[in-house]
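So the structure is just underneath, and the comments pick up after that.
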Amino acid sequence: MTRRVEILESSMVVPAEDTLREMLSLSNIDLLKGIKRSNTIYLYKNNEGAKDFFSAEILKSALAKTLVLFYPLAGRHVVGGSNQIDCNAEGVLFQVARSEVTADSIQFEPMSEEIIELFIPKKPHSSSPLIMLQVTHLKCGSVVLGTSTNHIFIDGRGAALMFRTWSQIARGDLKSVVQPSFDNGPLCARSPPKVSFEFPVYNPDDPDPSEKEDNTKSCVCVLRLFKLSAEQIRKLKMRCSNISRVSTFCAVSALVWKCYCSASAQELALAPDRKSSLYFPADIRNRIDPPIPDYCANGAIRMAATSQVFEITSSPIGDVARTVKAEIDRVTDEYIRSFIDYVKVMSDQKMPVKTKYVSESDLRIRTILGVPLCDVDFGWGAPQLFSWEKPTENRVAYIMNQLGNDNGGIKLTLALHPSTMKLFEKLFYEELELSFTDDQIK
């Protein structure tokens, strides 16, 4: 049976008050992101039987007030040589829809093409909003909030702040609202530029991915969802005792990297001395001096921990985690400013800076650990579920905090080639079991 969604209302919500009309230049970090959209899904259940559950009037009124603070997001991206945001207050797309399906009949996670088709709003023909929202009422009384944001001007943390502010205003919690910042002055290149580091992750000479022999296989993948409890993560961190104050990200990404390398080495017969890189975003907001904690545009750069396949597969988890942490620790104020200068120099030389092609021995991590997703409560309760994966990407792991009662647990979604995934699952659970065995021995 084909599932359908009926659009009941579609409109542009504009700021509730007059806002500053200006042209905002994109930062060098923004320009690396390209014009692509990021999609998210929130599921809410009407457990209290509220009659005004996700009222369009309440949501639109709060959204209009939110856009006074986040006024650039009501503008439009000017494509071309200028690459600016026109703060013209044309608004964000807001849709109300309904569907005869129930929440229990849909597999929301990991995200699928069907979920995107049903609950993520489509770009209008006549406009290209930076933010698009769709509220879909299900037959069972639950609501799905689907969002689509243009990554050219906002990243996951920026979007989370905007949605959290929207929900705070909707429920009348004005004291908790944080003033966002769109000032990218701290991310401007120095004059003259000073490039003190090399940035192999961003390779202007890297061939187009379509020219790589692995390109066809990279389009075939399956997604699997793994959940790690707070207790499992605690025991995993104990295996990283060689690192002081090991983070959840370091421990979990080390586990995923080690298992992936072991699985791909068996499946693809990778040479032991072949290099493998773990690519991940490093948020710079609190690493630049002075910090810019409430900055809402793109605030992350890509890093890569690199080692030989043999070293990763044969080393203890703690040593692999130390390799990840060493790469994270490189992100200092001078490193960030040097990177910004590097992008400026490359741009002045008409050499486009591209992220390096991810080969079959490499893995990418996308993470929103620490982003307060449960705070997106519009007054009818916190979301029961959040999903944000891209179902068409291969060799990617998505890591986020679990919603609900397991405080400290995480959700891991992995996209791999089917045969590699089989091996990965086996190795992953063996490693987790080893964490518990080691703990019992101690």
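All values derive from a computational prediction rather than experimental measurement.
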Can you tell me how far [atom2] of [Y] sits from [atom1] of [X], rounded to the nearest 0.5 angstrom?
X      : Y      : atom1 : atom2 : result
Asn184 : Leu24  : CG    : CG    : 7.5 Å
Glu117 : Ser112 : CD    : OG    : 10.5 Å
Leu118 : Phe108 : CG    : CZ    : 8.5 Å
Arg322 : Asn242 : CZ    : CG    : 5.0 Å
Ile336 : Asp341 : CD1   : CG    : 12.0 Å
Tyr260 : Phe424 : OH    : CZ    : 10.5 Å

Check: salt bridge (Lys or Arg N to Asp or Glu O under 4.0 Å) with Arg302: which residues, sequence neighbours excluded?
Finding: none

Next item on the list: Check the pair Leu187, Tyr295 against side chain to side chain contact (heavy atoms under 4.5 Å, CB included), reporting the backbone distance first and the verdict last.
Entry: CA-CA 11 Å; Leu187 303 183; Tyr295 181 63; 3.6 Å; yes

Check: In this structure, which one of Thr40, Thr147, Ile41 forms a side chain to side chain contact (heavy atoms under 4.5 Å, CB included) with Trp388?
Finding: Thr40

Item checked: Criterion side chain to side chain contact (heavy atoms under 4.5 Å, CB included) against Ile399, the qualifying member of Val252, Thr248, Leu414, Ile368 -> Val252

If you count heavy atoms of other groups shown closer than 6.0 angstrom to [atom1] of [X], is the number above 12?
X      : atom1 : answer
Lys344 : NZ    : no
Lys122 : NZ    : yes
Lys390 : NZ    : yes
Arg287 : CZ    : yes

[Y] backbone acceptor or donor facing [X] side chain under 3.5 Å:
X      : Y      : value
Thr313 : Ser262 : no
Trp257 : Ala321 : no
Ser253 : Cys250 : yes
Thr165 : Leu161 : yes
Glu311 : Gln308 : no

Notebook entry, point to check: What's the verdict on side chain to side chain contact (heavy atoms under 4.5 Å, CB included) for Arg366 and Glu393, showing C-alpha distance, side-chain angles and the deciding distance?
Noted result: CA-CA 11 Å; Arg366 300 188 189 280; Glu393 291 189 318; 2.8 Å; yes

Under a 3.5 Å cutoff, is there a donor and acceptor pairing between the side chains of [X] and [Y]?
X      : Y      : answer
Glu389 : Thr413 : yes
Ser167 : Asp377 : no
Ser359 : Asp362 : yes
Glu109 : Ser387 : no
Asn394 : His417 : no

Next item on the list: Take Asp273 and Val309, measure what side chain to side chain contact (heavy atoms under 4.5 Å, CB included) needs, and give me the verdict at the end.
Entry: CA-CA 6 Å; Asp273 61 349; Val309 169; over 6 Å; no

Notebook entry, point to check: How about Trp166 and Ile131: do any of their side-chain heavy atoms sit closer than 4.5 Å?
Noted result: no

Notebook entry, point to check: Are side-chain heavy atoms of Phe386 and Asn401 found at a separation under 4.5 Å?
Noted result: no

Next item on the list: Report the C-alpha separation of Ser27 and Asp30 in whole Å, then their side-chain angles, then the decisive distance to 0.1 Å, and conclude whether the side-chain hydrogen bond (donor to acceptor under 3.5 Å, both in side chains) test is met.
Entry: CA-CA 5 Å; Ser27 74; Asp30 288 328; 3.3 Å; yes

Checklist line | Sequence neighbours excluded - side-chain hydrogen bond (donor to acceptor under 3.5 Å, both in side chains) pairs with any residue from residues 324-336 | finding: Arg190-Glu334, Ser196-Glu334, Lys325-Asp329, Glu327-Arg330, Asp333-Arg337

Note to self: Which heavy atom of Ala56 sits nearest to which heavy atom of Phe94, and what is that distance?
What the structure shows: CB-CE2, 4.4 Å

Notebook entry, point to check: Which atom pair, heavy atoms only, marks the closest approach of Leu270 to Glu360?
Noted result: CD2-OE2, 4.0 Å

Next item on the list: Check the angle between the aromatic planes of Tyr42 and Tyr44 and answer parallel, tilted or perpendicular using the 30° and 60° thresholds.
Entry: parallel

Item checked: ring-ring contact (aromatic ring centres under 6.0 Å, His included) evaluation trace for Tyr202 with Phe339 -> CA-CA 10 Å; Tyr202 293 89; Phe339 173 72; 4.9 Å; yes

Next item on the list: Applying side chain to side chain contact (heavy atoms under 4.5 Å, CB included), run through Leu43 and Ser142 and close with a yes or a no.
Entry: CA-CA 7 Å; Leu43 173 67; Ser142 298; 4.1 Å; yes

